[in-house]
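Encoded as structure tokens, the structure appears first; notes follow it.
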Amino acid sequence: MVWLDDRLMNDPLVAAAIGGHPRVRAHHAKPIMRALLQSGVELAGLHLDTAIAAYLIDPAETRYSVGELLAKYTPFEMSIDGATASGQLDFGDHGDGRGAASAEALAVTHLADALDRELREQGMAELYATIENPLVRVLAKMEHVGIAVATDELRQLNASLTADVERLGTELQVVVGRPFNINSPVQLREILYTERGLVPGKKTKTGFSTDAATLEKLRDQWPEFIEPLLRYREVEKLRSTYGAGLLAEVGPDARIHATFNQTVARTGRLSSDQPNLHNIPVRSEEGRRFRKAFVPATGCMLLVADYNQIELRCIAHLANDPGLIEAFIGGRDIHSATAERIFGVLAADVTVEQRSKAKMVSYGLAYGMEAYGLGQRLGIPTDEAAVILDAYFLAFPNVKAYMEHTVVEARKRGYTETLFGRRRPIAELMSSNFRVRQAGERQAMNAGIQGLAADIFKVALVRIDEALVRGGHRSRVVLQVHDEVVVEVPDEERVEVGPMVIEIMRHAAELVVPLEVNVAWGATWADAKG
DNA sequence: TCGGCCGGTCA
DNA sequence: CGTGACCGGCCGA
């Protein structure tokens with residue numbers, strides 16, 4: 001653990017010393033790195049982050065506190081109240097927290113040794129050293145830099161949505177004839193199913209559902225209420241989560257500094273919060289307006305680069321399926337190619353519906369979907385969905401074999417493993433409960449696919465940052481969304497940085513199919529889409 | 001104040 | 001009865 005006061009942190013000699021001393025061990029190094037970055041010091045010598053090591057060993061854990069990890073992986077225990085016992089780490093109470101801080105620092109060194117050994121024993125030392133460890137610094141920098149926001153535009157958008165919500169709210173109260181809380185599913189249930197007597201659809205744990213799909217079915221029976229309600233939901237979602245939500249997170253520098261969590265997603269993906277920048281609307285034109293508020297700094301453009309169907313390419317590779325491989329190598333529209341094979345038609349004859357069904361089958365498959373679920377989503381009977389699934393597996397036999405093999409192997413070992421050695425324990429596979437067990441099987445099928453895509457993306461992210469630093473560029477990675485990276489690029493660096501990012505992403509991993517990367521430039525995040 | 005639940009957004 | 005996330009709001013403890 002490194003402790004520096006303000007004066008020392010600004011000393012270039014100290015910075016150089018830290019950078020040149022590659023044995024820093026810390027628990028959650030990222031916030032420490034961010035604090036140092038505030039003072040212009042880049043911590044370059046991270047050797048082991050005990051929280052991340054613990055995450056690799058057991059990604060299903062929800063909390064990685066030093067005390068709990070110490071008890072789990074070492075013979076030591078943290079002292080709680082200063083009472084000492086054999087094997088406890090306790091430096092006594094000085095009344096100023098020094099004792100606790102010392103104990104924690106010592107605990108981290110013990111933990112680091114234990115976790116380091118564990119990583120090596122589980123074959124994850126390389127995954128840690130080449131991907132996760134360097135990623136900590138990349139994420140710290142991303143968070144530190146943040147992404148610029150057009151605050152005025154965001155405020156205007158929020159105000160407009162607020163006005164719409166108020167108007168719709170009033171309209172709904174008038175239709176019902178009395179005031180009520182539109183945001184309350186309980187009160188909506190009462191109005192729809194008890195007072196109005198509509199026939200309820202599906203149920204939730206606590207009563208009948210009022211979700212959008214259900215309301216859609218009831219629409220014609222009470223359009224003057226349900227239509228404004230659906231619209232209200234839409235607008236209120238945008239207003240509360242994205243309008244008010246994003247505004248609340250804009251910093252004094254007019255940028256949003258979200259957190260990118262490296263120890264949350266059980267598959268190896270990153271997660272984002274405060275705010276979550278992974279679910280900014282994109283599908284509807286109205287929602288996309290929020291992406292227009294994400295902008296580059298003056299004199300810069302945003303470069304948006306995302307992988308084309310990376311998960312399906314991962315399936316092609318992992319299953320080593322000739323049909324999928326051929327389609328990807330041929331540079332085909334994968335959903336058309338799939339439809340062609342499933343429905344036995346010529347490429348030119350694939351209808352929009354067939355392509356859409358093929359797309360749903362492909363993605364559903366990556367999630368372990370079965371005939372029932374497919375039928376639900378396609379709005380067709382289960383047996384018809386089963387015919388489509390059979391046709392898929394007939395066309396892509398190795399995919400079926402891969403799925404089955406993955407589950408068998410996971411059950412045998414108790415965990416799944418990605419190509420890069422990332423493990424995911426799945427205890428559910430041994431459950432006596434059929435539904436729980438089936439859920440475990442779906443997780444097993446998905447883990448290798450989503451996990452590999454995540455690994456590849458992390459490699460690309462680390463290499464992009466490395467290339468930007470090495471090249472002395474001012475371009476900065478400002479955002480990532482699972483298979484997409486956003487880079488803020490000074491105008492004069494565009495010619496060089498654009499192709500460089502593409503090249504790095506394409507070769508982050510060498511699969512049996514090519515990795516394709518879409519790139520776009522924009523003066524906003526929305527403009528750089530497509 | 002907290003946590004479970006609902007509903008909705010993304011890859 | 002498709003995987004993985006986060007969040008705003010409601011509501012009861």
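Bear in mind the structure is a predicted one, so any value in this text is a computation, not a measurement. Computed over heavy atoms, backbone and side chain alike; hydrogens, waters and symmetry mates excluded. Numbered from 1 within each chain, the chains take letters A, B, ... in sequence-line order.
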* Contact list for DNA chain C against residues 439-455 of chain A - heavy-atom distance below 4.0 Å -> A:Arg442, A:Gln443, A:Asn446, A:Gln450

* For DNA chain C, determine which residues of residues 261-275 of chain A have any heavy atom closer than 4.0 angstrom to one of its atoms, and list them numerically. => A:Val264, A:Ala265, A:Arg266, A:Thr267, A:Arg269, A:Ser271, A:Ser272, A:Asp273, A:Gln274

Could you give the [atom1]-to-[atom2] distance, from [X] to [N], as a whole number of Å?
| X | N | atom1 | atom2 | answer |
| --- | --- | --- | --- | --- |
| A:Leu312 | B:dA11 | CG | C1' | 12 Å |
| A:Leu277 | B:dC10 | CG | C1' | 11 Å |
| A:Phe290 | B:dG8 | CZ | P | 17 Å |
| A:Glu216 | B:dG7 | CD | C1' | 15 Å |
| A:Leu192 | B:dC6 | CG | C1' | 15 Å |
| A:Arg189 | B:dG7 | CZ | C1' | 11 Å |
| A:Asn181 | B:dG7 | CG | C1' | 14 Å |

* Those residues that, when tested against A:His144, pass ring-ring contact (aromatic ring centres under 6.0 Å, His included) (two or more places apart) -> none

* Member of A:His335, A:Arg332, A:Arg355, A:Gln354 meeting the side chain to side chain donor-acceptor pair (under 3.5 Å) criterion with A:Glu340 -> A:Arg332

For the pair [X] and [Y], find out whether any cationic side-chain nitrogen is under 4.0 Å from an anionic carboxylate oxygen.
| X | Y | result |
| --- | --- | --- |
| A:Glu132 | A:Arg422 | yes |
| A:Arg289 | A:Glu153 | no |
| A:Arg231 | A:Glu286 | yes |
| A:Arg442 | A:Glu370 | no |

* To do: Any chance you could measure A:Asn308, atom CG, to A:Glu516, atom CD, to the nearest 0.5 Å?
  => 4.5 Å

* To do: Can you tell me, in whole Å, how much space there is between the P of B:dC5 and that of C:dC1?
  => 15 Å

* Any donor-acceptor pair under 3.5 Å from A:Arg196 side chain to A:Ile191 backbone -> no

* For DNA chain B, find the residues of residues 225-253 of chain A with a heavy-atom distance under 4.0 Å and give them by number; none if there aren't any. => A:Arg233, A:Lys237, A:Tyr242

* **Strand-adjacent residues in residues 194-207 of chain A, judged by heavy atoms under 4.0 Å from DNA chain B** => A:Thr204, A:Lys205, A:Thr206

Any base atoms under 4.0 Å from [X], or only sugar-phosphate, or nothing? Heavy atoms, all strands.
| X | answer |
| --- | --- |
| A:Gly373 | sugar-phosphate |
| A:Thr210 | sugar-phosphate |
| A:Leu365 | nothing |

Does [X] [atom1] have over 12 foreign heavy atoms under 6.0 Å away?
| X | atom1 | result |
| --- | --- | --- |
| A:His405 | NE2 | no |
| A:Arg506 | CZ | no |
| A:Lys359 | NZ | no |

Assess the side chains of [X] and [Y]: does a donor N or O sit below 3.5 Å from an acceptor N or O?
| X | Y | result |
| --- | --- | --- |
| A:His278 | A:Gln480 | yes |
| A:Asn183 | A:Tyr232 | yes |
| A:Asn446 | A:Tyr367 | no |
| A:Arg233 | A:Thr210 | yes |
| A:Glu68 | A:Ser65 | yes |

* To do: Side chain of A:Val481 only, please: which of B:dG8, B:dG7, B:dA11 is the nearest?
  => B:dA11

* Quick one: sort the A:Phe208 and A:Tyr193 rings into parallel, tilted or perpendicular, breaks at 30° and 60°. => perpendicular

* Asked: Which two nucleotides bound the region of DNA chain C that has atoms under 4.0 Å from heavy atoms of chain A, read 5' to 3'?
  -> C:dC1 to C:dC11

